[in-house]
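Below is one structure; the comments refer to it alone.
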Amino acid sequence: MKKLILIGGGGHCKSCINAIELMDNVMIEGILDVPERVGETVLGYPIVGTDDEFAQWVETDHEFLITLGQIKSAARRVAIFDQIKIMGGQFATLISPYAVVSRHAQIGEGTIILNRAVVNAGAKIGENCIINTGAIVEHDTIVHSHTHLSTGAILNGEVEIGKECFIGSNCTVFHSISVTQRVILGAGSLVSRDIITPGTYIGQPAHRTQSL
């Protein structure tokens with residue numbers, strides 16, 4: 001049985017808890033959040049400390065999952081992941097039993113795949129990623145570390161998504177398209193050409209609105 005500490009007690013944490021409660025081999029022992037929330041509960045699970053207290057949990061046999069959401073920037077999730085790894089901590093890799101993940105796919109440490117997501121054969125998902133509810137990662141697609149694929153997003157076959165991206169709800173990325181690192185794709189965007197410059201993109205077809 002994995003003993004799990006969640007980091008971040010907001011809305012995304014609730015989605016993660018919903019998936020984790022469906023797993024037989026994982027037990028949530030507590031949540032870390034800001035000091036003023038210590039003593040509260042999230043869906044019945046206690047906030048037991050703050051994110052300044054990683055070290056005491058690393059020294060036990062607990063594993064971690066970062067349950068902070070990610071839209072505008074992955075910076076906080078990246079910083080926490082790196083800090084805990086430097087300390088020698090381990091991250092859980094969690095797949096909802098209601099997701100469909102090919103045995104021929106690769107899933108990185110600290111990634112969670114939520115309910116009704118699909119990850120097909122030959123796909124590679126990096127570390128500390130969120131594959132959110134109903135998202136689809138098709139065959140031979142690569143999603144680099146610290147990227148959030150939001151609800152209902154679709155990456156078609158042989159796509160490559162760079163690190164620290166946010167792919168918004170119901171986005172569609174065409175077959176064999178490459179998206180560079182630190183790109184935000186607004187909800188419903190359609191990507192039919194490679195994106196080579198970091199920034200925020202929206203529309204059908206997606207076009208750049210601002211730099212990061």
Side-chain angles (χ1 to χ4, degrees), residues 1-29 31 42-45 62-71 74 77 81 90-175 177 179 185 187-189 191:
M1 179 72 69
K2 293 182 180 180
K3 296 188 292 184
L4 196 61
I5 294 293
L6 308 181
I7 304 170
H12 178 60
C13 180
K14 293 178 180 179
S15 295
C16 291
I17 288 171
N18 280 338
I20 293 166
E21 287 183 332
L22 300 170
M23 303 174 193
D24 294 331
N25 63 337
V26 182
M27 178 173 59
I28 299 169
E29 295 238 324
I31 302 167
V42 179
L43 301 183
Y45 298 96
H62 291 83
E63 295 185 21
F64 294 89
L65 181 73
I66 300 172
T67 50
L68 292 170
Q70 173 186 332
I71 299 178
R77 286 176 56 89
F81 185 86
Q90 299 297 314
F91 285 87
T93 301
L94 300 175
I95 300 172
S96 165
Y98 288 99
V100 178
V101 177
S102 171
R103 65 186 181 91
H104 304 288
Q106 298 177 25
I107 312 299
E109 181 181 358
T111 287
I112 186 166
I113 300 178
L114 292 171
N115 299 333
R116 297 190 292 107
V118 177
V119 180
N120 260 329
K124 298 178 181 179
I125 311 295
E127 297 176 325
N128 192 31
C129 289
I130 303 166
I131 308 301
N132 219 320
T133 306
I136 296 174
V137 180
E138 260 301 343
H139 67 88
D140 303 304
T141 282
I142 299 171
V143 178
H144 288 279
S145 297
H146 316 298
T147 283
H148 178 184
L149 188 61
S150 194
T151 51
I154 299 172
L155 306 182
N156 283 291
E158 300 179 8
V159 163
E160 184 169 4
I161 305 294
K163 67 180 182 180
E164 300 178 34
C165 289
F166 173 78
I167 311 300
S169 296
N170 297 313
C171 283
T172 300
V173 181
F174 281 18
H175 188 280
I177 293 295
V179 175
L185 288 176
S189 295
V191 183

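Counting begins at 1 with the first residue of the sequence.
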Close side-chain approach of [X] and [Y], heavy atoms under 4.5 Å:
X	Y	answer
Ser145	Asn128	no
Gln90	Glu109	yes
Lys124	Glu160	no
Ile20	Leu6	yes
Leu114	His12	yes
Leu4	Leu94	yes
Leu22	Ser96	yes

Approximate separation, where rounding is to 0.5 Å, of [X] [atom1] and [Y] [atom2]:
X	Y	atom1	atom2	value
Thr151	Ile167	OG1	CD1	12.5 Å
Asn18	Tyr98	CG	OH	12.0 Å
Leu155	Ile177	CG	CD1	11.5 Å
Lys3	Met27	NZ	CE	6.5 Å
Thr111	Ile125	OG1	CD1	7.5 Å
Asn170	Leu185	CG	CG	12.5 Å

#### Entry: Backbone of Cys129 reached by a side-chain donor or acceptor of Thr147 within 3.5 Å
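No; zero donor-acceptor contacts below 3.5 Å.
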### Task
Give a yes or no on whether the backbone of Cys165 and the side-chain of Gln70 come within a donor-acceptor separation of less than 3.5 Å.
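Yes, Gln70 side chain to Cys165 backbone: donor-acceptor pair under 3.5 Å.
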If you take all heavy atoms of [X] and [Y], which pair is closest and at what distance?
X	Y	answer
Leu149	Ile136	CD2-O, 4.2 Å
Lys14	Val42	CG-CG1, 3.9 Å
Thr67	Gly8	OG1-O, 2.6 Å
Ser169	Ser150	OG-OG, 3.2 Å
Ala153	Gly168	CB-O, 3.7 Å
Leu65	Gly110	CD1-O, 3.6 Å

### Query
Stepwise, does the side chain to side chain donor-acceptor pair (under 3.5 Å) test hold for Glu138 with Asn156?
CA-CA 5 Å; Glu138 260 301 343; Asn156 283 291; over 6 Å; no
### Task
Assess whether side-chain contact (heavy atoms from CB on, under 4.5 Å) is satisfied between Val137 and Ile113, documenting all intermediate values.
CA-CA 11 Å; Val137 180; Ile113 300 178; over 6 Å; no
### Query
For Ile31 and Cys13, what are the C-alpha separation, side-chain angles and deciding distance, and is it a side-chain contact (heavy atoms from CB on, under 4.5 Å)?
CA-CA 9 Å; Ile31 302 167; Cys13 180; 4.1 Å; yes
### Task
Anything under 30° is parallel, anything over 60° is perpendicular, the rest tilted; go ahead and classify His146 against Phe81.
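Aromatic pair His146/Phe81 classed perpendicular.
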### Query
Near Asn25 CG, under 6.0 Å, is it more than 12 heavy atoms from other residues, nucleotides or ligands?
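Yes, the 6.0 Å shell around CG holds more than 12 heavy atoms from other groups.
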### Query
Does NZ in Lys2 sit with more than 12 non-hydrogen atoms of other residues, nucleotides or ligands closer than 6.0 Å?
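Yes, because the 6.0 Å sphere around NZ of Lys2 holds more than 12 heavy atoms from other groups.
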